[in-house]
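Note: hydrogens, waters and symmetry copies are ignored here, and every other heavy atom, side chains too, is used. Proteins get letters first, then strands, A, B, ... in listed order; numbering begins at 1 in each.
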Amino acid sequence: MNGEPLIRWDWIGSHLGAIGDRVGQHLQLAAIAIVVGFVISFALATISIRERRLYPVVAVSATVAYTIPSFAMFAALVAITGLTTVTAEVPLVLYTFVLLVPNIVAGFDSVSPDVLDAADGMGFSRAQRWRRVELPLAVPLIVAGLRLATVSTIGLVTVSAVIGNSFGGLGYYILDGYNRQFSTEILVGGLLSIALAVAADLGFVLIQRFLTPWARARAAVR
Amino acid sequence: MDIVTATIQWLADPANWQGANGIPARLEEHVALSGASLLVSALFALPLGLYIGHTGRFSWLVVSSANAWRALPSFAVIGLLVPFTTVIDPNLGFTLYPTLIAMIILAGPPLLVNSYQGVASVDRDLVEAARGMGMRERQILTGVEIPIALPVIGTGIRLAAVQVVATATLGSIFGFGGLGRYIILGNDNHNNGEQFGGVVLVAVLALATFGLFALIERRLVSPGLSARTGG
């Protein structure tokens, strides 16, 4: 663009601090959304498991929310909540539900009734059974959902750049680079945001291994 | 309440329903781009998915493309394409191609994964029975596997269509027209009615796409199959 080289390394060299700040902002925006989204999703899933009739309502609402384009949701919220972090976080949190709730529900559903009977037979109270049997056995599917939600959220954070210069994490560079027709910025923002998503995905593989040591033991026996 | 009134007024204004920046023209741009990218993507992804599902060969390709898809943020993909497409064509490469190519990429994995999974999950005994009856491989695919796999393939097409229609909105940030353009213009002109009108139109289009494809899916699936899955 503009006869400039594709990448100007000197620009990257002189902006390392700012790029680092944007990476930090990107991770912070994503982390808040995932933590808040997970807490709400866990509550929604727990209610859905207790009251099965509510589950379709929850699932359909989450799907409808997910269908609304992120750009439209960010733009709409600016007029309501202004240029605040809330504007950036609300859509990000809403989009996690469609990935997290079904996985949490499926996680608890995957616990076999025989295992629950065995736990009851061993004299576990309901709370003990939940904490020591059901929750650990649900972990693989819950983590699978978290992994999807994390990767998707890291991608969506880039769109929050449309709210304004002080948002978007690495998405800021993509937007600014496009508007200024400066390819170095686009490449820095685009490639780093993809790298963050890939790194988070790999991180979750490790977390899952750590949280479910029995899965590896079982695989080894086979 | 002010925003609601402004939005309704903007949507009801006949001036916004004509001309090159009118709602029908922008809707057409949006739908044409989405349809074209979906079609191109399906041309590659569906035959490939059916082939992999039928033969079981190259199934790693499906897994890796599904993983790559999740890690590719569309906003970044559209942006990243710009420096390269502008080399090909300074004008269209700055306005149309990045969004078009990104949408083709975006639609691929759900089409590929679902056509693969649909065919691969067909009961192998059925396939053996078809072979025993003297059906050729092609006949097995078109007469047995595809009809049984249709609900799963249909879900893939619906996912791809909804994703593309919703995400094509981002194209307006990168020079493409479409309904997202109103969100940009409304923001630039401090026109709440236009901005929220755009938000409403984009959301309605995405939900309508979802509903339309769900209906088509229901029509296409063999009654015998839907009766069984319906319990």
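- With respect to chain B, the highest number of heavy-atom pairs below 4.5 Å among A:Val198, A:Val64, A:Ile68 belongs to A:Val64.
- Residue B:Phe196 touches chain A through its side chain alone, counting heavy-atom pairs closer than 4.5 Å.
- Chosen from A:Gly155, A:Ala195, A:Ala72, the residue pairing most often with chain B at heavy-atom distances under 4.5 Å is A:Ala72.
- Counting heavy atoms from C-beta on, the side chains of A:Val151 and A:Phe204 never come closer than 4.5 Å.
- Within the 4.5 angstrom heavy-atom criterion, no atom of A:Tyr173 approaches chain B.
- Ring planes of A:Phe108 and A:Phe42: perpendicular class, angle over 60° (limits at 30 and 60°).
- Put simply, the side chain of B:Thr95 never gets that close to the backbone of B:Gly175: no donor and acceptor are under 3.5 Å apart.
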B:Phe75/B:Phe174 under ring pair (Phe, Tyr, Trp, His ring centres under 6.0 Å): CA gap, chis, key distance, verdict:
CA-CA 9 Å; B:Phe75 191 78; B:Phe174 298 93; 5.2 Å; yes
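- The closest side-chain heavy-atom distance from A:Leu27 to A:Val23 is below 4.5 Å.
- When heavy atoms are compared at a cutoff of 4.5 Å, B:Thr167 does not approach chain A at all.
- Heavy-atom distances place both the backbone and the side chain of A:Ile194 under 4.5 Å from chain B.
- Classified by interplanar angle (parallel below 30°, tilted 30° to 60°, perpendicular above 60°), the ring pair B:Trp60/B:Phe58 is perpendicular.
- Neither the backbone nor the side chain of A:Ile154 comes within less than 4.5 Å of any heavy atom of chain B.
- Highest contact tally toward chain A, considering only B:Ile173, B:Val202, B:Thr209, is held by B:Ile173 [criterion: heavy-atom pairs under 4.5 Å].
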